[in-house]
> 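Shown below is the structure under consideration.
We use all heavy atoms of the structure for the numbers below, so side chains are in, but hydrogens, waters and symmetry mates are not. Predicted, not measured: the structure shown is a model, and the values here were computed from it. Naming: A, B, ... by sequence-line order, numbering from 1 per chain.
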Amino acid sequence: MAIKNKASNLELNVKQVIDNSLASMDAETQSKLNQARQAALSHGVKNSAPIMSRLSGFIAASAVALLLVAVVPKLQQAPQNSIGTNQLEQFVMLEEDFDLYNDLEFYEWLNDGSS
Amino acid sequence: MPNDLNNFLADNERQAFRMAQLATGHRDDALDIVQNSMMKLVQKYADRDASDWGPLFHRIVQRQITDWYRGKSLKQKFLAVFLDDDQSTGSYFEEHKDTTEQTPDNVVKSEQAMGVLQIALQTLPMRQRQAFLLRCWQGMSTKQTAAAMACSDGSVKTHYHRALKTLKDKLGDTWP
């Protein structure tokens, strides 16, 4: 019990100290955060893409990759122990599509309303 | 929607910055992480329901922190061979060193406590640091933390337990 109370006091103190640090954040940092926010809002909205277009891009990229797996080995006569870097490059997804793929499980979690 | 998103980011930017700063130990890198995170949220998830922005933003920030850590590890290994990198760490002490003379005692003590905490946090492995800050400071549940860190509930519990034990040992009974 004593050990548990000790841990709880530490946790409370950590939270308090960090919360206090937010209140005393210097003006320069707050100004930079404001600038960052404005930049994100102005540039981010311009470059945003609807989710379905990104999903379709992912599906298309996957389809191309599968096609190349089926076709390329027959066209190339690479040595047995070669890596085949061209094939590897064709498997690399765009960073945005990869992030979207990773986020699909996260979307399911959000939709479940789990907390 | 832009106003709602602006309000959401304005309400969360300081916390996100402090999270990134405590996780990385670097003020400028923390600012970059926050800006990149805001950019990603706006670009990719502005069309989501506003109630999703919180969990999404947490996840994006934690991913940015993890990416920073991986990039730093690679960079350190590379630079160690060629350069003697003695740049400041952007610690909390350095950020506030010019203000202590004009600041009330209680604020000075609070800032000193924060500096000690930051040093202690830097001794933790990155994942323990993340889990501890999300659970202890942000008050997130194990499940929410696991979602933000993209790991299992069990991993969160392990990271948190280890972090708490280490910090108890380092900070002792007299902190803050």
> Is the closest side-chain donor-acceptor distance between A/Thr29 and A/Asp26 under 3.5 Å?
yes
> Using heavy-atom distances under 4.5 Å, tell me whether B/Leu167 contacts chain A through its side chain, its backbone, both, or neither.
both
> What's the shortest heavy-atom distance between A/Met25 and B/Phe17, and which atoms?
CE-CD2, 3.6 Å
> Just jot down the ring pair (Phe, Tyr, Trp, His ring centres under 6.0 Å) partners of B/Trp68, sequence neighbours excluded, or say none.
B/His26
> Between side-chain atoms of residues 158-166 of chain B and protein atoms elsewhere (two or more places apart, or another chain), which donor-acceptor pairs fall under 3.5 Å?
residue	atom	partner	partner atom	Å
B/Thr158	OG1	B/Gly154	O	3.0
B/Tyr160	OH	A/Glu11	OE2	2.2
B/Thr166	OG1	B/Arg162	O	3.0

> Whether the B/Asn12 and B/Trp53 side chains hold a donor-acceptor pair (N or O, under 3.5 Å, no angle test) is what I'd like checked.
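Judged by distance alone, the side chains do not pair up.
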> Report which part of B/Ala150 has an atom under 4.5 Å of a heavy atom belonging to chain A: side chain, backbone, both, or neither.
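Neither; nothing under 4.5 Å.
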> Would you mind telling me which of B/Gln35, B/Met38, B/Glu13 has the largest number of heavy-atom pairs within less than 4.5 Å of chain A?
B/Glu13
> Sort B/Leu9 into side chain, backbone, both or neither according to what part of it lies under 4.5 angstrom from a heavy atom of chain A.
both
> Does A/Gln38 have more than 12 heavy atoms from other residues, nucleotides or ligands lying within 6.0 Å of its CD?
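Count over threshold, so yes.
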> Top residue by heavy-atom pair count (under 4.5 Å) with chain B, among A/Leu33, A/Val14, A/Asp19, A/Asn13?
A/Leu33
> Sort by residue number and list every member of residues 121-134 of chain B having a non-hydrogen atom under 4.5 Å from chain A.
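At a heavy-atom separation under 4.5 Å, chain A is reached by B/Phe132, B/Leu133.
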> Compute whether any side-chain donor of one residue and acceptor of the other, for B/Arg18 and B/Gln15, lie under 3.5 angstrom apart.
no
> With a 4.5 angstrom heavy-atom cut-off, is it the side chain or the backbone of B/Gln138 that approaches chain A, or both, or neither?
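It is neither, since no heavy atom gets under 4.5 Å.
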> Under the ring pair (Phe, Tyr, Trp, His ring centres under 6.0 Å) definition, can you give me all pairs with a residue in residues 16-35 of chain A, not counting sequence neighbours?
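The answer is none; no pair qualifies.
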> Side-chain contact, heavy-atom cut-off 4.5 Å: A/Ser24 with B/Glu111?
yes
